[in-house]
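These notes concern the structure reproduced below.
FYI, side chains are in, hydrogens and waters are out, and symmetry mates aren't considered; it's all heavy atoms of this structure. Please read these numbers as outputs of a predicted model, since none were measured by experiment.
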Amino acid sequence: MASFKHNGQTVQLNYTYFEAMNTFPGLGLDILGVITDTTPILQIMADDKTMIKVWYHFVKDVEPDFDDALKALKPEEMQAFKEAFWESVVNFSSLPMRETLRQMWEQVKKQLKQPKNLLKNISQDSPEEQE
């Protein structure tokens, strides 16, 4: 089971289909659609606003006050959470899909390391490009 540390305590990343269907979409993340849409992978990797909400979903029992939890959150902890959360998404998926998901994660990481690819994707999403 995937886990991460917050304030020296280990937080387990376990959740149910109910949470995957109802809780995570309310936080802005659709982990059940990860195979058909790459948006969740990009969100997990690069959308800190969404991932802070997801992160807090797991740490609220350890740190009930959101502001206190956020004040204690360090960038390296968020990165460790993202990696652990992705591993939990992979483990939550059906066995035949797990290797595909691991490969997708690695491909997206490679793409994000190439600024021209990232800038190209951003410019394609801009309103000027859509007109």
Side-chain angles (χ1 to χ4, degrees):
M1 180 179 305
S3 65
F4 68 101
K5 295 251 187 217
H6 176 69
N7 279 346
Q9 294 186 23
T10 300
V11 179
Q12 299 295 325
L13 290 170
N14 57 354
Y15 42 88
T16 64
Y17 275 105
F18 181 84
E19 288 173 292
M21 285 288 295
N22 297 296
T23 303
F24 293 146
L27 299 172
L29 188 64
D30 177 15
I31 64 168
L32 295 178
V34 72
I35 292 295
T36 57
D37 181 4
T38 58
T39 302
I41 296 172
L42 292 171
Q43 285 180 294
I44 293 168
M45 256 183 217
D47 183 353
D48 283 351
K49 280 186 176 182
T50 297
M51 292 312 295
I52 286 171
K53 293 175 195 173
V54 175
W55 167 82
Y56 186 68
H57 173 75
F58 291 101
V59 301
K60 65 184 174 193
D61 291 337
V62 174
E63 187 94 52
D65 184 80
F66 177 77
D67 288 339
D68 289 343
L70 196 54
K71 287 175 188 174
L73 179 62
K74 306 266 186 291
E76 55 275 5
E77 181 182 336
M78 176 52 71
Q79 187 57 41
F81 168 72
K82 289 176 180 182
E83 294 283 342
F85 186 75
W86 178 253
E87 188 59 33
S88 77
V89 170
V90 170
N91 291 337
F92 192 73
S93 301
S94 64
L95 192 57
M97 298 310 304
R98 291 180 184 175
E99 187 55 34
T100 300
L101 288 171
R102 284 187 183 98
Q103 288 177 14
M104 287 170 67
W105 180 258
E106 292 305 316
Q107 286 180 344
V108 171
K109 280 170 86 171
K110 285 178 189 173
Q111 282 191 325
L112 290 176
K113 287 181 182 178
Q114 299 174 359
K116 69 177 185 176
N117 289 343
L118 182 58
L119 293 173
K120 180 180 170 187
N121 289 340
I122 291 170
S123 69
Q124 286 176 347
D125 292 340
S126 71
E128 295 83 27
E129 291 286 325
Q130 293 175 0
E131 293 177 0

Looking only at heavy atoms, what is the nearest atom pair of Y56 and F66, with distance?
-> OH-N, 3.4 Å
Begin with the C-alpha distance, continue with both residues' side-chain angles, and end with the deciding distance and a verdict on side-chain contact (heavy atoms from CB on, under 4.5 Å) for D47 and L42.
-> CA-CA 7 Å; D47 183 353; L42 292 171; over 6 Å; no
Please tabulate, for the side chains in residues 99-106, all donor-acceptor contacts under 3.5 angstrom to protein atoms that are two or more places apart in sequence or on a different chain.
residue: E99; atom: OE2; partner: Q103; partner atom: NE2; Å: 3.4
residue: R102; atom: NH2; partner: E87; partner atom: OE2; Å: 3.2

What pairs with D37 under side-chain hydrogen bond (donor to acceptor under 3.5 Å, both in side chains), at least two apart in sequence or on another chain?
-> T39
Name the orientation class of the two ring planes belonging to F92 and Y15 (parallel below 30°, tilted from 30 to 60°, perpendicular beyond 60°).
-> tilted
Residues passing the side-chain contact (heavy atoms from CB on, under 4.5 Å) test with A72, sequence neighbours excluded, are H6, N7
Decide side-chain contact (heavy atoms from CB on, under 4.5 Å) for F85 and L29; before the verdict, give the C-alpha distance in whole Å, the side-chain angles of both, and the deciding distance to 0.1 Å.
-> CA-CA 12 Å; F85 186 75; L29 188 64; 3.5 Å; yes
Identify the two heavy atoms, one from V11 and one from F58, that lie closest to each other, and give their separation to 0.1 Å.
-> CG1-O, 3.4 Å
So, for K53 and L27, which heavy atoms are closest and what is the spacing to 0.1 Å?
-> CD-O, 3.7 Å
Test side-chain contact (heavy atoms from CB on, under 4.5 Å) applied to D65 - qualifying residues, sequence neighbours left out = D67, D68
Quick one: does Q43's side chain have a donor or acceptor within less than 3.5 Å of a partner on G28's backbone?
-> yes
Pairs in or reaching into residues 19-33: which pass side chain to side chain donor-acceptor pair (under 3.5 Å), with residues at least two apart or in two chains?
-> E19-H57
What distance do I31 atom CD1 and I41 atom CD1 have between them, rounded to the nearest 0.5 Å?
-> 12.0 Å
Looking only at heavy atoms, the pair that brings R98 and V90 closest together is CG-O, 3.2 Å
Answer with yes or no whether the hydrophobic clustering places Y17 together with V54; edges join I, L, V, M, F, W, Y residues whose side-chain heavy atoms lie under 4.5 Å apart.
-> yes
T10 versus K5, closest heavy-atom pair with distance | OG1-NZ, 2.9 Å
Report the residues that fulfil side-chain hydrogen bond (donor to acceptor under 3.5 Å, both in side chains) with K60, sequence neighbours left out, ordered by chain and then residue number.
-> none
For M78, the side-chain contact (heavy atoms from CB on, under 4.5 Å) test, sequence neighbours excluded, returns D48, M51, I52, W55, L73, F81, K82
F18 meets the ring pair (Phe, Tyr, Trp, His ring centres under 6.0 Å) criterion, sequence neighbours left out, with none
In plain terms, say whether E63 and K71 are close enough for a salt bridge, that is, a side-chain N and a carboxylate O under 4.0 Å apart.
-> no
Distance (rounded to the nearest 0.5 Å) between N91 CG and L95 CG | 10.0 Å
Closest non-hydrogen contact found for A84 with A2 is O-CB, 3.3 Å
Qualifying residues under side-chain contact (heavy atoms from CB on, under 4.5 Å), relative to T36, sequence neighbours excluded = none
